[in-house]
Amino acid sequence: MNHFEFRHGRLFAEDVDLVALADKIGTPFYCYSTATLERHYRVFASAFPPDTLIAYSVKANGNLAVLNTLARLGCGADVVSGGELKKALAAGIPAGKIVFSGVGKTGAELELGIRAGIHQFNVESEPELEALSKAARAAGATAPVAIRVNPDVDARTHAKISTGMAETKFGIPWKRAREAYARAAALPRLKVVGVDVHIGSQITELEPFEEAFARAAELIAQLRADGHDIARADLGGGLGVPYRAQDPEPPDPKAYGEMIARLTRGLNVSLILEPGRLIAANAGILVSRVIYVKQGDEKRFAVIDAGMNDLLRPALYGAHHAIVCVAPRPQDDTETYDVVGPVCETSDIFGTYDLPQLRSGDLVAVLTVGAYGAAMASAYNARTPAAEVLVNGDRWSVVRPKMSDDEFLGLDRLPPWLE
Ligand SMILES: *Cc1c(COP(=O)(O)O)cnc(C)c1O
């Protein structure tokens, strides 16, 4: 469910006409819908008990305006770097609602989190426990710790976004978890508070979650028997969204919430959830203009002004995103196009689409790109990432401008011997 729809034959973002917006600010740009973000947050949050911390995964879309929109609803944050931590705080998310995940937190990042007074560190290795204890001593504070356990379950998603199998780098193998908790309890300035699992992203069935959460529940009982005070279960993110109309609908937040309620019944833990994609994906589109339509030997190409530097998912994961014409001409026939970007890589292709006949200058919108879209953008080919716009009713605002070529060029420095 989102708030991008056709009115009088052209695509609107809430009450904003995207043809007019594109004429005003130029293309390409990401366009996010406030109403959609808010709706997704509310639907998700309402599937869980009121004391649940919804820690939105900042890496999905860390735009300050997006974070601020969610912060106002009471949303927390899951961050994976010092930079994301600073963004979440700057967006008004209180430290007490921030959890810090990631396999490679540096001593400086850990100390930043401790000094800010964040809710929880999700620790991913024994050496990180040592580093956290050290950072806590340096800051003269105590660090609340959950250990991310790797439950060794197959999330049945794309291999590159599967994180809960034994061969991935994430978490501490669940068989070694009790030892790690014993170590955490013995280290100065650490306070064990919970257990954390996150098995991957774009998961479209409940079974892998069930398997992982059942293991976490079992572990919580064992850890309590070992004398640890486990008050929280952080069950990560990962619930998928539909990218293709013909795909089976992924489980909805309500079904996911009911499954979690069943598995955690009687455990007496407060829950933390870290949704990213589910909140942001469907709340964003990428608006782009056709530069050329070109006829190849075997294929017809629509070359658009957004590329893999703006949206990496197709090239990185073979991901599919639907594309629509923003203002289709009703009399035009449908034709088949390979929609491609301008970047000099064969993998700079969105896919093959049947679209109303395209001409140079036409606008298209790539759908469901609010998560892992702008967040993964780069300036490859010296193409600075697309602007980002947030819409709210009939209002819109550029919440991240496209960097000019001159600003981008100005980031490079010549060494003294070349000046
Ligand atoms: C990426 C990530 C998430 C969010 O995953 P989604 O699939 O976007 O919900 C949550 N927790 C951790 C630790 C992550 O790395």
- Item | Side chains of Ile147 and Asp196 in contact at under 4.5 Å (non-hydrogen atoms) | no
- Before giving the answer on side-chain contact (heavy atoms from CB on, under 4.5 Å), spell out for Leu129 and Leu190 the whole-Å C-alpha distance, their side-chain angles and the decisive distance to 0.1 Å. CA-CA 8 Å; Leu129 282 175; Leu190 298 188; 4.0 Å; yes
Determine all donor-acceptor pairs shorter than 3.5 Å in which one atom belongs to a side chain in residues 368-383; sequence neighbours excluded.
from: Ser378; atom 1: OG; to: Tyr380; atom 2: N; distance (Å): 3.2
from: Tyr380; atom 1: OH; to: Glu345; atom 2: OE2; distance (Å): 2.5
from: Asn381; atom 1: OD1; to: Cys344; atom 2: N; distance (Å): 3.0

- Pro253 side chain near Val43 side chain, heavy-atom distance below 4.5 Å: yes
- Message: I'd like to check the side chain to side chain donor-acceptor pair (under 3.5 Å) partners of Lys191; sequence neighbours left out, ordered by chain and number.
- Response: none
- Query: Quick one: are Leu278 and His40 in side-chain contact, heavy atoms under 4.5 Å?
  - Reply: no
- Item | salt_bridge(Asp226, Arg178) N-O dist < 4.0 Å | yes
- Item | Residues Glu124, Lys105: salt bridge by 4.0 Å N-O rule | no
- Item | Side-chain heavy-atom pair Val58, Val80 within 4.5 angstrom cut-off | no
- Item | Heavy-atom side-chain proximity of Leu239 to Pro251 below 4.5 angstrom | yes
- Task: Count the heavy atoms of every other residue, nucleotide or ligand shown that sit under 6.0 Å from CZ of Arg72, and state whether that count exceeds 12.
- Result: no
- Contacts of Phe4 that satisfy ring-ring contact (aromatic ring centres under 6.0 Å, His included) - sequence neighbours left out: none
- Message: Does this structure show an ion pair linking Arg300 with Glu335, if we count only N-O contacts that are shorter than 4.0 Å?
- Response: yes
- Message: Suppose the criterion is ring-ring contact (aromatic ring centres under 6.0 Å, His included): which pairs have a residue in residues 195-217, not counting sequence neighbours?
- Response: Phe209-Phe213, Phe209-Tyr256
- If you measure from the Lys or Arg side-chain nitrogens to the Asp or Glu carboxylate oxygens, is any gap between Arg7 and Asp15 under 4.0 Å? yes
Do any side-chain atoms of residues 257-273 form donor-acceptor pairs under 3.5 angstrom with protein atoms, and if so which ones, sequence neighbours left out?
from: Glu258; atom 1: OE2; to: Lys254; atom 2: NZ; distance (Å): 3.4
from: Arg262; atom 1: NH1; to: Glu210; atom 2: OE1; distance (Å): 3.4
from: Thr264; atom 1: OG1; to: Ile260; atom 2: O; distance (Å): 2.7

- Query: Is the ring centre of His320 less than 6.0 Å from the ring centre of Tyr353?
  - Reply: yes
- Heavy-atom side-chain contact between Val197 and Leu235 under 4.5 Å: yes
- Item | Steps toward salt bridge (charged side-chain N to carboxylate O under 4.0 Å, His left out) verdict (Asp362, Arg329) | CA-CA 10 Å; Asp362 284 353; Arg329 286 169 292 266; 2.8 Å; yes
- Message: Around atom CD of Gln246, are there more than 12 heavy atoms from other residues, nucleotides or ligands closer than 6.0 Å?
- Response: yes
- Chi angles and distances behind the side-chain contact (heavy atoms from CB on, under 4.5 Å) call for Glu126, Ile172: CA-CA 8 Å; Glu126 290 89 347; Ile172 290 181; 4.0 Å; yes
- Message: Once salt bridge (Lys or Arg N to Asp or Glu O under 4.0 Å) is applied, what residue pairs with a partner in residues 286-296 remain, sequence neighbours excluded?
- Response: Asp23-Arg289
- Parallel, tilted or perpendicular: rings of His8 and Phe12 (30°, 60°): perpendicular
